[in-house]
Colleague: 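Can you keep this structure in mind? I'll have questions shortly.
Computed from a predicted structure; not experimentally measured.
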Amino acid sequence: MTNEQFLPMIDEKEKITIERLINEYEIKINNFHINLENNKYISGIFGNVNSNIKKVFRYNHFLESINDLSNKTKKSIEKCVEAYQKTNLKYFNPIGNQISQEENDAYYYMENALFREVILWDSLAQLYNLYYDMNIDVEKIHYKKVIEQLSSKNTNEIDFTEILKYINEDYKVEENNIDKGIHKCISNVRNQMTHRFSIAITAFSENCEGNATLRAMPDLVYKIAKDYNMVQKYLVQIINMILKEIDQIMKECDLFS
């Protein structure tokens with residue numbers, strides 16, 4: 001029996017870096033209900049009622065959904081890293097598509113995290129739309145357009161020019177600057193998955209740029225974690241502002257718990 005060296009595709013140092021990114025910002029929310037007698041409450045309001053009360057429930061729907069989506073994105077990133085740590089680099093072959101179960105699991109969770117993380121940006125735009133009374137139909141929200149529109153206005157609380165610069169920055173591989181243009185890189189990968197091919201498959205085809213594409217490498221999960229870190233930062237920022245607004249509404253209306 002030989003003691004074969006095992007080289008994980010993501011080492012402990014890389015794992016710690018990713019964990020730091022996905023744990024830096026935490027969304028903290030509560031449910032907001034209108035209390036009735038006998039421990040009953042109203043979980044939603046429709047129709048001709050106070051607009052501020054209705055706004056609280058509109059906020060609550062997005063806050064609960066975003067919290068759920070954020071937690072599942074984080075879990076998918078963690079599971080992807082876990083699978084890569086069980087994948088032996090010694091047997092990694094980027095050309096062939098006969099891959100181990102561990103590497104296949106890593107791609108499964110990577111794809112899951114990628115799609116969820118991109119949705120978080122549109123969720124961020126939903127909160128901006130509601131907080132700033134932009135009155136855009138929720139079905140027509142696109143985060144880049146919302147952020148671009150807000151960047152042209154003077155808001156003391158949020159630097160939308162900074163956010164716009166981040167999401168529009170071109171992706172470049174530069175020495176000692178691996179974070180440059182990560183959001184655009186993530187967006188491009190997501191579009192490729194939607195329109196052309198799986199990130200888990202190496203392909204040589206005219207469907208690909210340059211007639212060839214290698215399947216995703218472990219560095220993509222770092223990029224997803226970094227972009228997740230950024231959207232979490234901006235989500236926490238606007239959510240804290242929303243909670244202050246809700247608190248003020250609650251003070252003016254004794255129906256809220």
Colleague: For N23 and K74, test the side chains for any donor-to-acceptor distance below 3.5 angstrom and give the result as yes or no.
Modeller: yes

Colleague: Any donor-acceptor pair under 3.5 Å linking the side chain of N129 with the backbone of I136?
Modeller: yes

Colleague: Would you say I99 and T87 make side-chain contact, with heavy atoms under 4.5 Å?
Modeller: no

Colleague: Report whether Y109 and F115 are members of the same hydrophobic cluster (ILVMFWY, side-chain heavy atoms less than 4.5 Å apart, transitive linking).
Modeller: no

Colleague: Is there a side-chain contact (heavy atoms from CB on, under 4.5 Å) between D133 and K55 once you walk through the steps?
Modeller: CA-CA 10 Å; D133 297 315; K55 193 173 187 180; 3.3 Å; yes

Colleague: I need the I77 CD1 to I224 CD1 distance, nearest 0.5 Å.
Modeller: 6.5 Å

Colleague: Find the distance between CG (N168) and OG (S187) and round it off to the nearest 0.5 Å.
Modeller: 9.5 Å

Colleague: Could you please spell out the steps behind the side-chain contact (heavy atoms from CB on, under 4.5 Å) verdict for I158 and M241?
Modeller: CA-CA 10 Å; I158 298 176; M241 293 163 59; 3.9 Å; yes

Colleague: Tell me if a side-chain donor or acceptor on N240 pairs with a main-chain N or O of V236 at a distance below 3.5 Å.
Modeller: yes

Colleague: Would you give the length of the straight line joining atom CG of L63 to atom CD1 of I242, rounded to the nearest 0.5 angstrom?
Modeller: 5.5 Å

Colleague: Is there a donor-acceptor contact under 3.5 Å from the side chain of N229 to the main chain of I22?
Modeller: no

Colleague: Go through the side-chain N and O atoms of Y166 and E162 and say whether any donor and acceptor fall under 3.5 Å apart.
Modeller: no

Colleague: Any side-chain to backbone donor/acceptor pair from E111 onto Y108? Under 3.5 Å, distance only.
Modeller: no

Colleague: Side-chain contact test, heavy atoms from C-beta onward, threshold under 4.5 Å: evaluate it for L21 versus Y228 and give yes or no.
Modeller: no

Colleague: Between E169 and K180 (salt bridge meaning N to carboxylate O under 4.0 Å), is one present in this structure?
Modeller: yes

Colleague: May I have all residue pairs that pass ring-ring contact (aromatic ring centres under 6.0 Å, His included) and include part of residues 125-156, sequence neighbours excluded?
Modeller: W121-Y143, Y128-F160, Y132-F160, Y143-H183

Colleague: Which value, rounded to the nearest 0.5 Å, describes the distance between L235 atom CG and S123 atom OG?
Modeller: 7.0 Å

Colleague: Are Q126 and D122 linked by a side-chain donor-acceptor pair shorter than 3.5 Å?
Modeller: no

Colleague: Are side-chain heavy atoms of I186 and E117 found at a separation under 4.5 Å?
Modeller: yes

Colleague: Just wondering, do E103 and Y91 contact through their side chains at under 4.5 Å, heavy atoms?
Modeller: no

Colleague: Out of curiosity, I167 CD1 to S151 OG, how far, rounded to the nearest 0.5 Å?
Modeller: 8.5 Å

Colleague: Would you mind reporting whether P8 and K15 have side-chain heavy atoms less than 4.5 Å apart?
Modeller: no

Colleague: Evaluate the criterion side-chain contact (heavy atoms from CB on, under 4.5 Å) for residue pair Y234 and I163; output intermediate values, then yes/no.
Modeller: CA-CA 8 Å; Y234 297 126; I163 303 175; 3.5 Å; yes

Colleague: Going from CD1 on I238 to CD on E157, what distance comes out if it is rounded to the nearest 0.5 angstrom?
Modeller: 7.5 Å

Colleague: Any Lys/Arg nitrogen of K165 or D159 sitting under 4.0 Å from an Asp/Glu carboxylate oxygen of the other?
Modeller: no

Colleague: Would Y107 and Y84 count as a side-chain contact (heavy atoms from CB on, under 4.5 Å) if you check the C-alpha gap in whole Å, the side-chain angles of each, and the deciding distance to 0.1 Å?
Modeller: CA-CA 9 Å; Y107 286 125; Y84 267 133; 3.6 Å; yes

Colleague: Any Lys/Arg nitrogen of K86 or E82 sitting under 4.0 Å from an Asp/Glu carboxylate oxygen of the other?
Modeller: yes

Colleague: If you measure from the Lys or Arg side-chain nitrogens to the Asp or Glu carboxylate oxygens, is any gap between D227 and K223 under 4.0 Å?
Modeller: no

Colleague: If we ignore hydrogens and angles and just use 3.5 Å, is the side chain of T73 paired with the main-chain N or O of L69 as donor and acceptor?
Modeller: yes

Colleague: Should T17 and Y222 count as side-chain neighbours, where that means a heavy-atom distance under 4.5 Å?
Modeller: yes

Colleague: Side chains of Y59 and E245, heavy atoms from C-beta outward: is any pair under 4.5 Å?
Modeller: yes

Colleague: Please identify which of these residues, V221, I182, I18, meets the side-chain contact (heavy atoms from CB on, under 4.5 Å) condition with K226.
Modeller: I182

Colleague: Does the side chain of M134 come within less than 4.5 Å of L150's, by heavy atoms?
Modeller: yes

Colleague: Looking at K75 and E78, is any side-chain nitrogen of the basic one under 4.0 Å from a carboxylate oxygen of the acidic one?
Modeller: yes

